Amino acid sequence: MNQVKTSYNTSLFFALSTSFIGIIALLMSFNLLTYMYFQQNVRTELIRNTSLNLNSTVTHYEEHFQQLKIYLMNYLIRSDTQTLTESPVNYVMFRQVQSDLQSALNNPILYISNIIYYFRDKDLLIDKNGTRNPRTMFSKLYVSSTYQPPFWNEEMDKRQSFHIYTGEPFHEQTAFGRMPLGNLMPVLAKKEYDNQFAFIALLDASSMFAEFHQPIENESFSIFDPQGRLVFTAGDRSAENNSKFSGLTGQGSMEFGDSLYLYKRAKESGYLYVDMIPIRHITEPIKRLNFIFVTIVIISLLLSLTLSFLVARRFQNPLRGLVQAIEDLGGRPAPRQSRIKEFNVLFHKMQDLFHSHRHIHRDLDAKNSLLQHYAYINRLKMISADVANIRMAIDSDKPYRLILLHLVLKEQSQADIVIEPHRAYALIKEIIQLHFSASYPESLTFQIEQDRILTVLFEQPERPLLADEVIKPLTARLLPETLYFYFTIGISPMHKHASQFAQTYEHVAELVNQRRLGEHIQVFTEMTPTPLPLVPTLAQEQELATNLNVGNDTIFIPLVNRLLEQLDKANAPAHQVRALSRQIVEKAVKVIYAQNLSVAGYDNPKKVYEQLNQCYTLEQYKRFFQQFLSAHAQSIRSKKNEAESDYMVTFVKDYIQSHLGGELSLDLLAQKLNITSSYLSTYFKEKTGVNLSEYTHVLRMEKAMEMLQNTDLKIQDIASLVGYLTVAPFNRAFKRHTGTTPTEFRRQH
């Protein structure tokens with residue numbers, strides 16, 4: 001007996017030591033693999049993150065340049081601008097222009113330092129500070145090395161309407177010295193054939209760069225126009241006059257010398273954006289990572305050796321006693337005592353477990369069928385769990401087919417069903433199970449989801465399984481139930497190997513996803529790809545958007561019907577028809593919020609989406625759009641026919657409600673009422689108790705909260721609909737108002 005114990009102790013110690021050595025080797029291998037992986041991928045990841053940052057920068061710059069062009073061109077065609085260019089010098093009107101400029105330049109998101117009215121024939125300029133001649137302006141107030149009066153005279157003679165020039169430092173020359181004005185980027189806007197009048201806007205290039213670009217250590221950033229001229233640069237190094245960038249298109253990267261160049265050419269403007277990163281900025285993280293990995297390996301090795309020694313020494317004797325106690329349970333174990341209290345408790349508990357083993361075994365047999373059910377679901381959904389290792393009927397490699405039934409309860413028939421909807425789905429499952437078990441006793445039917453019923457049919461040696469023989473009786477059995485359900489059936493080819501079970505299920509799931517519009521039972525045995533027309537075309541989409549905005553239902557309702565008929569004629573799957581319909585609904589909802597409409601019968605936009613989800617036939621889609629779009633058009637026409645109020649406060653509130661997405665300055669509203677802005681501000685505060693700007697801000701935030709709760713519109717679309725050109729200032733304003741970001745607010749509500 002002593003010899004047995006000595007041998008067992010030696011084996012136990014050896015096993016523990018070997019196990020911990022294996023853990024050490026595994027940990028070292030993991031560290032080595034991790035090191036190799038990160039060494040290969042950290043460079044790629046850094047480049048990818050920098051490319052994403054560049055994409056965001058390009059998007060912000062392009063959006064701002066486009067908004068700036070629209071802004072200046074609107075100024076160019078304004079009636080007061082036309083009057084100034086056509087009439088003699090009128091200093092009263094000049095003072096009004098100066099006041100308007102001061103108000104407009106207060107908008108920080110435009111990043112405009114100044115806007116200059118340039119009257120070439122009058123040798124006169126107007127800016128936010130007054131009137132002066134070009135020589136005074138560009139030799140004292142806005143002085144630079146390039147942009148002098150002769151330069152602007154040459155630019156005025158060119159046939160161009162909008163041009164952005166290279167940014168450079170400007171300063172103001174006073175009697176006391178030079179006062180820096182920062183890095184400004186001039187922009188010229190004029191009529192193409194007009195060489196006597198133009199706008200010159202001075203953009204704050206440094207502020208734009210700080211807002212639009214997330215800086216990286218030691219990087220340099222440059223912008224080139226389509227002709228290859230440098231427009232803006234930031235950083236210690238510049239790509240100016242670098243021939244390597246000429247002719248670049250699209251997006252990519254290049255490596256020259258000690259720098260990595262990431263570039264992207266914008267499609268709309270043709271501008272080239274270049275980000276230059278020193279190679280050492282990429283290699284330094286790899287060096288730091290090398291040091292961290294070596295340190296982790298050394299520490300892990302020391303800790304593992306120490307732990308293996310302590311555990312082996314501490315648990316050698318208790319484990320030997322536990323193993324002996326387990327061996328004793330094979331017969332009638334005699335009482336034994338140990339100095340360790342926990343082992344005495346374990347010994348008595350093991351005696352109880354020995355007696356209860358027989359009862360547990362019988363209970364496990366009773367639950368085997370239920371476990372099989374879950375095992376099949378885990379197998380087809382590829383869920384990693386212990387039940388996946390259970391031996392099932394399908395593991396015998398007997399030929400089998402999968403039949404997937406997708407059913408949807410008709411909305412109009414729910415009132416006729418006396419049982420609850422979930423019971424109705426379960427009843428169909430029982431019908432399917434009884435149908436197949438009568439002819440195929442080994443078949444298995446289970447409800448994997450409320451609207452999905454899966455059947456596994458095993459082929460009998462004397463009776464091969466044919467698809468037609470399986471489906472025809474099933475469709476005949478389900479035909480009476482089509483009064484209440486839409487049925488789609490997918491049947492897989494014959495398979496033999498259990499390893500293909502999950503892939504086979506994915507195949508039949510794709511089959512039922514091919515359902516077309518219609519109420520009849522649809523059966524699919526193979527994938528039938530159908531080339532679909534481009535619906536809608538760009539012209540149709542523009543026509544739809546234009547007529548939705550003006551409420552012309554005599555055009556857009558027939559257009560929507562034609563689009564639906566095109567998809568139906570091309571045998572498009574029902575989910576593609578629903579995607580097109582949802583796109584049309586979202587366009588209409590945007591118009592509703594943009595024009596602050598109240599559509600009769602659709603006070604809550606969620607109702608629109610609920611009704612859309614109840615459409616399964618072409619006629620149902622047409623009927624839905626006829627009702628919704630007619631009400632939509634009627635609300636637009638009613639809005640236009642409403643009489644204007646005679647009261648000043650009512651006019652201001654109505655105007656703000658109708659123009660939340662546009663400019664809502666105090667000067668603009670006062671001009672429309674033909675009163676002074678100070679009088680309007682005092683009058684509105686006296687009558688309502690709130691400032692006009694505060695009233696506008698609260699109204700915009702309430703409208704944004706409503707759209708976040710009731711629609712699926714993108715946050716950038718909502719920001720535009722409530723008067724914000726970009727998402728960033730909208731996010732900041734929304735968080736100051738509600739305490740949460742728009743994304744968090746939508747998730748909470």
Side-chain angles (χ1 to χ4, degrees), residues 59 408 411 486 513-518 529-597 599 601-636 661 703-704 706-722 727 742-743 746:
T59 300
V408 177
E411 185 70 22
Y486 299 102
N513 200 37
Q514 297 181 108
R515 179 178 179 89
R516 312 293 196 256
L517 296 179
T530 304
L532 299 177
L534 179 62
V535 177
T537 64
L538 180 59
Q540 289 173 329
E541 189 168 355
Q542 292 175 347
E543 182 182 6
L544 179 63
T546 301
N547 287 280
L548 277 174
N549 275 290
V550 299
N552 192 353
D553 54 347
T554 59
I555 293 180
F556 61 69
I557 290 180
L559 175 59
V560 170
N561 290 337
R562 287 199 303 273
L563 296 177
L564 295 173
E565 290 168 355
Q566 279 183 265
L567 287 180
D568 184 58
K569 186 176 180 180
N571 287 326
H575 67 85
Q576 293 192 8
V577 179
R578 176 155 298 177
L580 171 65
S581 302
R582 191 176 185 89
Q583 179 183 355
I584 296 171
V585 167
E586 288 180 351
K587 289 180 181 294
V589 171
K590 287 181 181 179
V591 173
I592 290 173
Y593 278 101
Q595 299 187 19
N596 193 32
L597 301 176
V599 181
Y602 300 94
D603 296 334
N604 190 335
K606 288 184 178 180
K607 185 177 180 181
V608 182
Y609 295 104
E610 291 172 357
Q611 291 185 2
L612 178 63
N613 291 334
Q614 297 168 12
C615 298
Y616 292 93
T617 66
L618 180 61
E619 291 71 21
Q620 290 174 346
Y621 276 108
K622 287 183 176 180
R623 188 163 52 249
F624 161 75
F625 279 116
Q626 180 67 37
Q627 295 174 355
F628 170 60
L629 295 180
S630 296
H632 169 84
Q634 180 60 38
S635 65
I636 293 178
K703 183 63 67 175
E706 179 185 347
M707 287 188 281
L708 287 169
Q709 288 178 293
N710 299 327
T711 72
D712 295 335
L713 295 177
K714 297 179 181 178
I715 292 178
Q716 63 186 26
D717 292 336
I718 295 175
S720 176
L721 289 172
V722 296
V727 175
T743 303
R746 170 169 277 173

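Along the sequence shown, residues carry numbers from 1. These numbers come from a predicted model, not from an experiment. We use all heavy atoms of the structure for the numbers below, so side chains are in, but hydrogens, waters and symmetry mates are not.
In this structure, V599 and V608 have side chains that are not in contact, with every pair of non-hydrogen atoms separated by 4.5 Å or more. Between L548 and L629 there is a side-chain heavy-atom pair separated by less than 4.5 Å. The shortest side-chain heavy-atom distance between R746 and T711 falls under the 4.5 Å cut-off. Side chains of Y621 and N561 form no contact here, defined as non-hydrogen atoms less than 4.5 Å apart. When side chains are defined from C-beta on, V585 counts as touching F624, because their heavy atoms get closer than 4.5 Å.
A distance of 11.5 Å separates CE of M707 from CD1 of I715, quoted to the nearest 0.5 Å. Interatomic distance, CG of N547 versus CD1 of I636, reported as 10.0 Å (0.5 Å rounding). To the nearest 0.5 Å, atom CG of residue D712 and atom CZ of residue R582 are 4.5 Å apart. With values rounded to the nearest 0.5 angstrom, L708 atom CG is found 4.0 Å from I718 atom CD1. Rounding to the nearest 0.5 Å places OH of Y602 at 4.0 Å from CD of Q611. Here the straight-line distance linking atom CG of L563 with atom CD of Q540 works out to 5.0 Å at 0.5 Å rounding.
The two atoms that bring Y486 and Y616 nearest to each other are CE1-CD1, 3.4 Å, heavy atoms only. When all heavy atoms of G551 and A633 are compared, the closest pair comes out as O-CB, 3.3 Å. When every heavy atom of P536 is checked against every heavy atom of Q583, the shortest pair comes out as CD-OE1, 4.4 Å.
Side-chain atoms of K703 do not come within 3.5 Å of backbone N or O of Y593 as any donor-acceptor pair. At distances below 3.5 Å, not a single donor-acceptor pair connects side-chain atoms of Q576 with backbone N or O atoms of P573. For the pair D568 (side chain) and L564 (backbone), a donor-acceptor distance under 3.5 Å is absent. Side-chain N or O atoms of R578 include one that pairs as donor or acceptor with a backbone N or O of C615 at under 3.5 Å.
Classification of the H632-F628 ring pair by plane angle, with boundaries at 30° and 60°, yields tilted.
Between K622 and E619 there is no salt bridge, since no side-chain nitrogen of the basic residue lies less than 4.0 Å from a carboxylate oxygen of the acidic one.
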